[in-house]
Novice: 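I am attaching a structure below and will ask some questions about it afterwards.
All figures in this text were calculated on a predicted structure; none of them were measured in a lab. No hydrogens, no waters, no symmetry mates; every other heavy atom, side chains included, goes into these values.
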Amino acid sequence: MSPRRIPLDVAIAGGLFAVGAVLYLSGLFSLGTGRADVPLGVRLSLLAALCLVGCARRTRPGTALALGTLLFAVDLVLGPSVPVWIVLADLLYAAVRHGSPRVGRAAGYATGIGVVVLAGVVLAVEHDIRPAAGALVVSALFFGTSLWWGLAIRRQVELTGIERERVRAHRILAERDREAAVAEERNAMARDLHDVIAGHLSSIAIHSTAALSRDLDPAVRESLIAIRTGSTAALTEMRAMIDVLHADAADPAVAPPRLADLHVVVDAARATGTDVSVALDVGDLPTVVDHAAYRIAHEAVVNAMKHAARRPIDVTADRTGTELHLVVRNDVGADVGETRRVGRGLANMRHRAQLLGGDCTAGPCGPDWVVRARLPVGSAS
């Protein structure tokens with residue numbers, strides 16, 4: 001166990017008392033005037049009282065200086081001594097450095113008046129201008145130095161605080177500019193998505209709806225229904241993404257798609273004649289995990305339809321403990337030996353899993369191409 005740290009004011013007071021005691025014991029304390037028969041115990045007691053007052057030099061600087069001045073007056077009556085002057089100079093410095101501006105001004109005025117009064121008292125006692133002038137110069141230099149040093153340090157601290165606030169203000173302005181630039185970029189992306197992709201999806205949905213109004217072969221009608229369903233679902237998701245990109249127009253009512261919405265792409269695959277089996281046993285998942293799982297399964301099913309059309313697809317998802325395991329398996333037959341080109345889709349699936357602290361792999365397994373994703377559930381935020 002580490003020892004308790006001694007407060008700074010107490011340490012300073014103890015050090016000043018030690019220095020003063022050495023000066024008293026060595027006889028190097030007198031300023032050349034005053035009584036010489038004052039007992040050493042009285043001197044040490046006066047110094048101890050002054051150092052005790054100095055323990056409040058930072059917490060109560062004005063009060064400490066006022067009490068120290070009274071004890072200093074007692075020392076002048078007994079005969080001025082160097083240790084008392086040193087402690088009073090420290091109290092004056094602390095009052096200017098740590099006190100309020102009002103206390104600092106009062107200390108400055110009191111110092112000037114005190115120096116003049118001290119010189120006047122010496123002149124009245126000695127009836128000689130030379131010791132009075134000496135007292136004036138010595139006291140002015142001794143206490144004036146403490147006063148000037150305290151004012152200089154206080155001013156430097158204030159300038160440092162002002163500079164720190166200025167840096168903080170610049171940092172806030174830079175952050176606001178960055179946020180504005182990001183918001184503008186997001187708005188530009190939202191406009192591009194709306195004008196290009198959303199427009200094309202709307203056109204697909206409109207043309208497929210128009211085609212369904214005609215007499216068509218049942219298989220063609222099934223395909224058109226799947227196209228219309230997929231395009232409207234994609235358009236809904238695209239509009240949700242556009243709302244999210246608009247920083248000032250985000251709609252909290254728009255929920256991201258979940259595994260329960262996977263039936264849209266499954267129905268579209270089945271409409272093309274693909275046999276798709278889905279088994280989901282996930283319970284209630286955090287939104288971010290549910291959405292990531294949906295995106296991974298959606299991409300895997302679309303890839304299976306692209307690279308192995310009309311081959312069976314099997315989608316399973318189950319939750320075990322604090323993890324969600326998602327597997328999408330599709331039969332690739334004789335093409336299993338060929339390496340499927342790694343595009344952005346597979347990279348995006350891995351990235352989504354890694355953001356949640358999980359992992360995602362894709363590759364051949366026997367006659368099948370298998371996508372496996374492991375997503376932590378308990379630690380997802």
Novice: Do you see a donor-acceptor pair shorter than 3.5 Å between the side chains of Thr145 and Tyr93?
Specialist: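 Absent: no donor and acceptor within the cut-off.
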Novice: Give the cluster check for Leu356 versus Val327: same hydrophobic cluster or not, with ILVMFWY residues linked at side-chain heavy-atom distances below 4.5 Å.
Specialist: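 Looking at the clustering, Val327 is in a separate group from Leu356.
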Novice: For residues Phe143 and Phe72, establish whether the separation of their ring centroids is below 6.0 Å.
Specialist: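 That pair passes the under 6.0 Å test.
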Novice: Determine the minimum heavy-atom distance between Leu92 and Thr111, stating which atoms define it.
Specialist: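 In terms of heavy atoms, the two residues are closest at CD1-OG1, 3.4 Å.
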Novice: Do you know which two heavy atoms are closest between Pro61 and Ala94, and how far apart they sit?
Specialist: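 Smallest heavy-atom distance, with atoms named: CB-O, 3.9 Å.
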Novice: Got a second to check how far Asp318's CG is from Leu326's CG, nearest 0.5 Å?
Specialist: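 That separation rounds to 9.0 Å.
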Novice: For the residue pair Val276 and Val278, establish whether any side-chain heavy-atom pair is separated by less than 4.5 Å.
Specialist: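 Val276 vs Val278: side chains touch.
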Novice: Can you measure from CE (Met349) to CD (Gln354) and round to the nearest 0.5 angstrom?
Specialist: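 That separation rounds to 12.0 Å.
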Novice: So, Asp9 and Arg58, do they make that salt bridge, N to O below 4.0 Å?
Specialist: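 Result for this pair is yes, salt bridge flagged.
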Novice: Would you say Val42 and Pro39 make side-chain contact, with heavy atoms under 4.5 Å?
Specialist: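 Side chain of Val42 against side chain of Pro39, heavy atoms only: contact under 4.5 Å found.
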Novice: Between Leu88 and Trp149, is there a shared hydrophobic cluster once you connect ILVMFWY residues whose side-chain heavy atoms come closer than 4.5 Å?
Specialist: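 No, because Leu88 and Trp149 fall into different hydrophobic clusters, even though each may have its own neighbours under 4.5 Å.
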Novice: Say whether, by atom type as modelled, one donor and one acceptor occur between the side chain of Arg319 and the main chain of Asp284 under 3.5 angstrom.
Specialist: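 Side chain of Arg319 to backbone of Asp284: a pair is present.
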Novice: List the atom of Glu323, the atom of Val377, and the distance in Å for their closest heavy-atom pair.
Specialist: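 So the minimum-distance heavy-atom pair works out to C-CG2, 3.9 Å.
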Novice: Is any side-chain heavy atom of Thr59 less than 4.5 Å from a side-chain heavy atom of His98?
Specialist: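 With C-beta onward as the side chain, the pair stays apart.
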Novice: Under a 4.5 Å cut-off applied to non-hydrogen side-chain atoms, are Arg176 and Arg171 in contact?
Specialist: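 Counting from C-beta outward, Arg176 and Arg171 never come under 4.5 Å.
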Novice: So do the side chains of Val53 and Leu65 get within less than 4.5 Å of each other, counting heavy atoms only?
Specialist: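 Sidechains of Leu65 and Val53: no contact.
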Novice: Determine whether Ile313 and Ser277 make a side-chain contact, defined as any pair of heavy atoms from C-beta on separated by less than 4.5 Å.
Specialist: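 The answer is no; the side chains never approach within 4.5 Å.
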Novice: Evaluate Leu118 against Leu76 for side chain to side chain contact (heavy atoms under 4.5 Å, CB included), listing each step before the verdict.
Specialist: CA-CA 9 Å; Leu118 179 61; Leu76 288 178; 3.9 Å; yes
Novice: Can any side-chain N or O of Arg154 pair as donor or acceptor with the backbone N or O of Val96 at less than 3.5 Å?
Specialist: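 Yes; at least one donor-acceptor contact below 3.5 Å.
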Novice: Please report the C-alpha distance between Leu50 and Leu46 in whole Å, then the side-chain angles of each, then the deciding distance to 0.1 Å, and finally whether the side chain to side chain contact (heavy atoms under 4.5 Å, CB included) criterion is met.
Specialist: CA-CA 6 Å; Leu50 194 57; Leu46 182 62; 5.9 Å; no
Novice: So Tyr294 and His291, would you call those rings parallel, tilted or perpendicular, with 30° and 60° as cut-offs?
Specialist: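 Ring orientation, 0 to 90° scale: parallel.
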Novice: Is Asp368 reaching over with its side chain to a backbone N or O of Val370, donor-acceptor style, under 3.5 angstrom?
Specialist: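 No, because the side chain of Asp368 does not come within donor-acceptor range (under 3.5 Å) of the backbone of Val370.
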Novice: Going by an N to O cut-off under 4.0 Å, is there a salt bridge joining Asp275 and Arg270?
Specialist: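 No salt bridge links Asp275 with Arg270.
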Novice: In the structure I gave you, are the side-chain heavy atoms of Leu67 and Leu71 within less than 4.5 Å of one another anywhere?
Specialist: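 No, their side chains stay 4.5 Å or more apart.
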Novice: Evaluate Thr287 against Arg258 for side chain to side chain donor-acceptor pair (under 3.5 Å), listing each step before the verdict.
Specialist: CA-CA 8 Å; Thr287 302; Arg258 298 171 176 256; 2.6 Å; yes
Novice: How long is the gap from CZ on Arg372 to SG on Cys365, to the nearest 0.5 Å?
Specialist: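 Reported to 0.5 Å precision, the distance equals 5.0 Å.
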Novice: Just do the side chain to side chain contact (heavy atoms under 4.5 Å, CB included) check on Val332 and His307 with the steps written out, would you?
Specialist: CA-CA 8 Å; Val332 292; His307 296 281; over 6 Å; no
Novice: Might you point out which heavy atoms bring Arg43 and Leu78 nearest each other, and give the distance in Å?
Specialist: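 Taking Arg43 first and Leu78 second, the nearest heavy atoms are NH2-O, 3.3 Å.
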Novice: Rounded to the nearest 0.5 Å, what separates atom OG in Ser146 from atom CG in Asp90?
Specialist: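 Here the interatomic distance stands at 7.5 Å.
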Novice: Would you kindly say whether Arg329 and Thr316 are connected by a side-chain donor-acceptor distance under 3.5 Å?
Specialist: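 Per modelled atom types, Arg329 and Thr316 side chains form no pair under 3.5 Å.
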Novice: Quick check: does any side chain N or O of Asn330 sit under 3.5 Å from a backbone N or O of Arg311, one acting as donor and the other as acceptor?
Specialist: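 No, because the side chain of Asn330 does not come within donor-acceptor range (under 3.5 Å) of the backbone of Arg311.
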Novice: Starting from Trp85, can I reach Trp148 by hopping between I/L/V/M/F/W/Y residues whose side chains sit under 4.5 Å apart?
Specialist: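 Looking at the clustering, Trp85 is in a separate group from Trp148.
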Novice: With side chain to side chain contact (heavy atoms under 4.5 Å, CB included) as the test, would you mind laying out the steps for Leu70 and Val74 before giving the verdict?
Specialist: CA-CA 7 Å; Leu70 294 177; Val74 175; 6.0 Å; no
Novice: Shortest non-hydrogen contact from Leu324 to Ala317?
Specialist: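 Between these two residues, the closest heavy atoms are CD1-CB, 4.5 Å.
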Novice: Give a yes or no on whether a salt bridge exists between Asp359 and Arg350, defined as a side-chain N under 4.0 angstrom from a carboxylate O.
Specialist: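 The answer is no: the pair does not qualify as a salt bridge.
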Novice: List the atom of Leu91, the atom of Ala64, and the distance in Å for their closest heavy-atom pair.
Specialist: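 For Leu91 and Ala64, the tightest heavy-atom pair comes out as CD1-O, 3.7 Å.
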Novice: Nearest 0.5 Å, what's the OG-CG distance between Ser81 and Asp75?
Specialist: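 Interatomic distance, Ser81 OG to Asp75 CG, rounded to 0.5 Å: 3.5 Å.
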Novice: Which of these, Val282, Leu259, Leu375, sits in a side-chain contact (heavy atoms from CB on, under 4.5 Å) with Val289?
Specialist: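 Of Val282, Leu259, Leu375, side-chain contact (heavy atoms from CB on, under 4.5 Å) with Val289 is met by Leu375 alone.
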Novice: In this structure, would Val157 and Leu151 fall into the same cluster of hydrophobic residues linked by side-chain contacts under 4.5 Å?
Specialist: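 As far as the 4.5 Å side-chain criterion goes, Leu151 and Val157 are not connected within one cluster.
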Novice: Please report the interatomic distance OG1(Thr274) to CG(Asp331), rounded to the nearest 0.5 Å.
Specialist: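 Between atom OG1 of Thr274 and atom CG of Asp331 there are 11.5 Å.
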Novice: Taking Arg60's backbone N and O only, do any of them form a donor-acceptor pair with Thr63's side chain (distance below 3.5 Å, no angle check)?
Specialist: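 Not at all, since once roles are kept as given, no pair shorter than 3.5 Å links the two residues.
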Novice: Using a 4.5 Å cut-off on heavy atoms from C-beta on, say whether the side chain of Thr361 contacts that of Val371.
Specialist: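 Contact flag for Val371/Thr361 side chains = no.
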Novice: For His263, I'd like to know if atom NE2 has over 12 heavy atoms of other residues, nucleotides or ligands within 6.0 Å.
Specialist: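 Buried by this count: over 12 neighbours within 6.0 Å.
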Novice: Identify whether Ile162 and Ile153 are in the same connected component of the hydrophobic contact network (ILVMFWY, side-chain heavy atoms under 4.5 Å).
Specialist: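 No, Ile162 and Ile153 fall in different hydrophobic clusters.
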